[in-house]
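Quick notes on the structure that follows.
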Number of protein chains: 2
Amino acid sequence: MNTPRERIIDTASLLFHQQGYNSTGINQIISEANVAKASFYQHFKSKDDLCVAFLNARHGYWFSELITYVSKSKSTKKRILNAFDFIIYMNEKEGFRGCSFLNILSEISKEQGTILSVIQAHKNDLRKFFEKELGEELLSDHIYLLFESSIIESQLFKSNELVEKSKKIVNNLI
Amino acid sequence: MNTPRERIIDTASLLFHQQGYNSTGINQIISEANVAKASFYQHFKSKDDLCVAFLNARHGYWFSELITYVSKSKSTKKRILNAFDFIIYMNEKEGFRGCSFLNILSEISKEQGTILSVIQAHKNDLRKFFEKELGEELLSDHIYLLFESSIIESQLFKSNELVEKSKKIVNNLI
DNA sequence: AACTGAACAGACAAGTCTGTCTATTTATTC
DNA sequence: GAATAAATAGACAGACTTGTCTGTTCAGTT
């Protein structure tokens, strides 16, 4: 049944995604993860510390899934279009809850600089991913921006309509 | 010194923007607005009710400012570029706090459907704004998506770099 | 069989939150 | 000047929050 640490992160992933970071309490996390409170604070020194651990885990999971999706094709163009299909896949899998990183970005204050830099690092990696695929920086940033808004707009409207439209735009662009 | 209702909405605007919706309590709002708690609940039946009122007020303010900015030019192209300059202006004015509507989107749960529809209505109006300016739907949605990500990325990186890049992209696009 | 480290349960402190309530004061209108 | 409406202050209920703490149980190792 996994280690307590894993159970905590798995449960937190689910709850942060479903309810948001600030609306999810430690008590609910440990209760649903079947972990004692003392055990929680043995692994994480604070809730923010858990948040960083969660974002790191999410980063690893999310990118490996993206790479899996992209690797289905060989041509750059198809690979990029696959990335947008990955958004649709994730939306359907996770119920249009958007990007964990951007959701938490909206919830943190100036004092939580550590969390902010984890979010920035994640997005920088995504930006680099498109740059490596495409070479040209202006084009890759263009597609990065469309990718980002595709995630957000599908969360907002609980629909893949604008993801599909982005695919059409990107298809004409490359 | 304004009416209590106005003082509440003004204070809430500031605090929701600075600290987020869930992190801002009623007590802080009424204290900083110099309003009694009973007065607050005479004007708003709940915190979510205040949220809706705030978003409506924000909608009015934000759009009127956008229109002012856009109206400085006559050609469609220049007007669209002005809209991106408006993002830069707001970022500098408000300290890269991003979009009130999207920030609250990240904080609400499924039960808060009323708030969600106010956010969706705002973004639909923005989408229509670009459609009216540009006519072509694919192009106007393309620019709408770049506009949205420009706001978010500048909030994320506390910088106007990607807004400027979007301007360059849009300049080549129209 | 004794030791060790990690997990367990759960009480507790100190503070937060929303929303309700009573009771008093101020301002406006008839 | 009396009546009405809207503001005030602030106590209170009840539930929540994070983090600390005590003490117990259990598995693995020597």
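Note that the coordinates shown come from a computational prediction; the quantities given were computed from them, not determined experimentally. Chain identifiers are assigned alphabetically (A, B, ...) following the order of the sequence lines, protein sequences preceding nucleic acid strands; residue numbering begins at 1 within each chain.
In this structure the side chain of A:Val70 never reaches within 4.5 angstrom of the side chain of A:Lys78, judged on heavy atoms.
A cation-pi arrangement is present between B:Lys47 and B:Tyr21, with the terminal nitrogen or guanidinium carbon under 6.0 Å from the aromatic centre and inside a 45° cone about the axis.
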* To do: Can you check each nucleotide of nucleotides 4-19 of chain D against protein heavy atoms at under 4.0 Å and return B for base, S for sugar-phosphate only, - for none, in 5' to 3' order?
  => ---SBBB------SBB
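For B:Asp49 and C:dT20, the CG to P distance is 12 Å, given to the nearest whole Å. Following rounding to the nearest Å, A:Phe44 (CZ) and D:dT20 (C1') show an atom-to-atom distance of 18 Å.
When all heavy atoms of B:Lys167 and B:Leu81 are compared, the pair lying nearest together is O-CD2, 3.7 Å.
With hydrogens and angles disregarded, a donor-acceptor distance shorter than 3.5 Å links the side chain of B:Glu6 to the backbone of B:Thr3. The main-chain N or O of B:Arg97 is found under 3.5 Å from a side-chain atom of B:Asn103 such that the two form a donor-acceptor pair.
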